[in-house]
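Take a look at the structure below.
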Amino acid sequence: GEQQVAFVCLTMIVGTAFLSFAIANMFDLISSIKRKNNLYDSNVDQLKYWLEHKKIPKNTQRIVLRHFNYQYSRHHFVDDDTVLSMLSPGLQLILRRFLCR
């Protein structure tokens, strides 16, 4: 009777609340992924500009960008010292040659 109707209504309300919570979490996750992608794209653009501004040769730029893609998930950088600290000693030496002109 009435108890079953009340139980069904309560179950529907709890189910709807749970589904709303799950959907909100999915949207939050998607927004977070988009923010990270936008930040990554911005950092890649800054790095490309920095490499061109410093007149680094194109093939060295490609090596640095590949290394950046590899390292990015753990580090963020934009200035000279930070960029160099993220690179292997060999890449640091190559870039320092061009930075000291």
Side-chain angles (χ1 to χ4, degrees):
E2 282 185 33
Q3 288 180 342
Q4 289 178 337
V5 171
F7 178 74
V8 168
C9 288
L10 181 63
T11 303
M12 289 174 60
I13 291 170
V14 169
T16 302
F18 179 75
L19 181 60
S20 298
F21 178 75
I23 290 172
N25 279 339
M26 284 190 294
F27 278 120
D28 188 46
L29 177 64
I30 290 168
S31 295
S32 174
I33 291 169
K34 284 184 177 183
R35 278 191 304 272
K36 287 179 184 176
N37 286 341
N38 289 342
L39 178 61
Y40 173 80
D41 290 341
S42 173
N43 285 337
V44 168
D45 289 342
Q46 288 177 17
L47 179 59
K48 285 179 181 178
Y49 174 79
W50 181 86
L51 290 167
E52 289 184 16
H53 176 73
K54 300 296 182 177
K55 297 179 178 29
I56 307 300
K58 292 291 183 189
N59 58 335
T60 304
Q61 287 183 29
R62 281 192 297 275
I63 293 169
V64 171
L65 288 169
R66 255 188 260 135
H67 189 78
F68 175 82
N69 289 332
Y70 173 74
Q71 292 277 333
Y72 182 78
S73 64
R74 293 180 273 158
H75 305 283
H76 304 277
F77 50 85
V78 290
D79 62 78
D80 291 5
D81 292 332
T82 306
V83 169
L84 291 172
S85 72
M86 297 293 299
L87 300 174
S88 67
L91 282 175
Q92 286 179 16
L93 183 62
I94 291 169
L95 285 178
R96 285 185 197 280
R97 265 191 318 179
F98 294 104
L99 296 177
C100 294
R101 289 191 222 179

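At a threshold of 4.5 Å between non-hydrogen side-chain atoms, the residues Leu47 and Asn43 do not count as touching.
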Identify every side-chain donor-acceptor pair in residues 1-15 under 3.5 Å, counting partners at least two apart or on other chains, and give the distances.
residue	atom	partner	partner atom	Å
Thr11	OG1	Phe7	O	2.7

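No path of Ile, Leu, Val, Met, Phe, Trp and Tyr side chains, each step under 4.5 Å between heavy atoms, connects Leu91 with Leu93, placing them in separate hydrophobic clusters.
Considering only residues two or more places apart in sequence or on other chains, Tyr40 meets the side chain to side chain donor-acceptor pair (under 3.5 Å) condition with Asn69. Looking at residues two or more places apart in sequence or on another chain, you find a side-chain contact (heavy atoms from CB on, under 4.5 Å) between Gln61 and Leu51, Glu52, Ile56, Lys58.
Relative ring orientation between Tyr49 and His53 is described as parallel, the plane-to-plane angle staying below 30° on a 0-90° scale split at 30° and 60°.
Applying the salt bridge (Lys or Arg N to Asp or Glu O under 4.0 Å) test to residues at least two apart or on different chains, none of the pairs has a partner in residues 40-50.
Rounding to the nearest 0.5 angstrom, the gap separating the NZ atom in Lys55 from the OG1 atom in Thr60 is 15.0 Å.
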